[in-house]
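To start, the structure under review is shown below, and the notes come after it.
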Amino acid sequence: MEILRVESLTMRFGGLVAVNDLSFTLNEGEIRGLIGPNGAGKTTIFNVISGFYRPSSGRILYKGEDISGLKMSAVAAKGVVRTFQHSTLFQEFTLVDNVLVGCHLHQKPTLLGAMLGTDTADRRAAMEKALSMLDLFDLLDHKDVLAAELPHGSQRILGMAVALACEPEVLMLDEPFTGMNPEETRQMMVLMRKVRDRGVTLLLVEHDMQAVMGLCDYITVLNFGSLLAEGPPEEVRNNPDVIEVYLGTPHHAA
């Protein structure tokens, strides 16, 4: 079942066309890869979908609702949450406090409630949720550690835990494997499948072709802001146009 539709999307920056009349659909429960060479428009598309940019033309439909041009907070509250290529963690917060930030998206704390202590149940529920997120991502034993003290791979995993605490139905991951060693990449792939098994649809931009081919159900390939090809990993791997502009030779694409 379709959950997200990008419809005739164009994004211009002055005379530069970063995304050109792009259309694709994301189905509920899939892990979709969005790939292409540098400058293909991948991060721009993420920025438009998540509300960072208003599209020049075209629409973003989420569960049939036009969310084009909504603020990022409104898009996230509806259920479309993204991570960023670079860490946005609070480095001097503990792991559990970082995840608590994500938990507050769907809470309505008030100053009066905090002063009177009437929000105790909400705060307790948020803490339980934060601890469950850390447990899901195998970080619970480090809940009181500062985020700055985590190795790079664990910081990327913590960022995904924070995003999942926002209760997304679509989770957009911007280069989640950047800087990871092979073991960290393998661990992240396992965790992404666990997130999908919880009913979350994943859309990821990534340059690690081994991870993309091994993880994604379906892949959309961009070139110069336009759709080049899409299909299951094996079909994309063997597409001559993809091999020519992005993957190199068939041997390198293996």
What I'd like to find out is whether the side chain of [X] reaches to under 4.5 Å of the side chain of [Y], using heavy atoms alone.
X	Y	result
Leu150	Leu158	yes
Phe177	Met192	yes
Arg59	Leu9	no
Met72	Val75	no
Arg82	Leu173	no
Leu136	Arg198	yes
Leu202	Val195	yes
Ile35	Val205	no

Are the side chain of [X] and the backbone of [Y] linked by a donor-acceptor contact shorter than 3.5 Å?
X	Y	answer
Lys42	Leu222	no
Thr201	Gly29	yes
Arg5	Lys63	no
Gln155	Ala147	yes
His142	Thr94	no
Glu65	Tyr62	no
Asp97	Phe93	no

Quiz item: Do Glu234 and Asn238 have side-chain atoms, one donor and one acceptor, less than 3.5 Å apart?
Solution: yes
Quiz item: Please, which pairs that meet side-chain hydrogen bond (donor to acceptor under 3.5 Å, both in side chains) have at least one residue in residues 222-232, sequence neighbours excluded?
Solution: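 Every side-chain hydrogen bond (donor to acceptor under 3.5 Å, both in side chains) pair that includes a residue of residues 222-232, provided the two are not neighbours, is Thr220-Glu230.
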Self-check item: Contact summary for Cys103 and Ala126, nearest pair of heavy atoms
Solution: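 That would be SG-O, 3.7 Å.
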Practice problem: Taking all heavy atoms of Ile60 and all of Ser68, pick out the closest pair and write down the distance. | Solution: N-OG, 2.7 Å
Practice problem: Would you please indicate if the ring centroids of Phe13 and Tyr53 are separated by under 6.0 Å? | Solution: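 Yes, the ring centres sit under 6.0 Å apart.
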Quiz item: Is any side-chain N of the basic residue among Asp217 and Arg196 closer than 4.0 Å to the acidic one's carboxylate O?
Solution: yes
Exercise. Give a yes or no on whether a salt bridge exists between Lys78 and Glu169, defined as a side-chain N under 4.0 angstrom from a carboxylate O.
Key: no
Tell me if the [atom1] atom of [X] is crowded by more than 12 foreign heavy atoms within 6.0 Å.
X	atom1	answer
Tyr218	OH	yes
Phe224	CZ	no
Arg54	CZ	no
Lys194	NZ	yes

Quiz prompt | Stepwise salt bridge (charged side-chain N to carboxylate O under 4.0 Å, His left out) test for Glu30 and Arg32 | solution = CA-CA 6 Å; Glu30 76 176 348; Arg32 171 72 67 95; 3.0 Å; yes
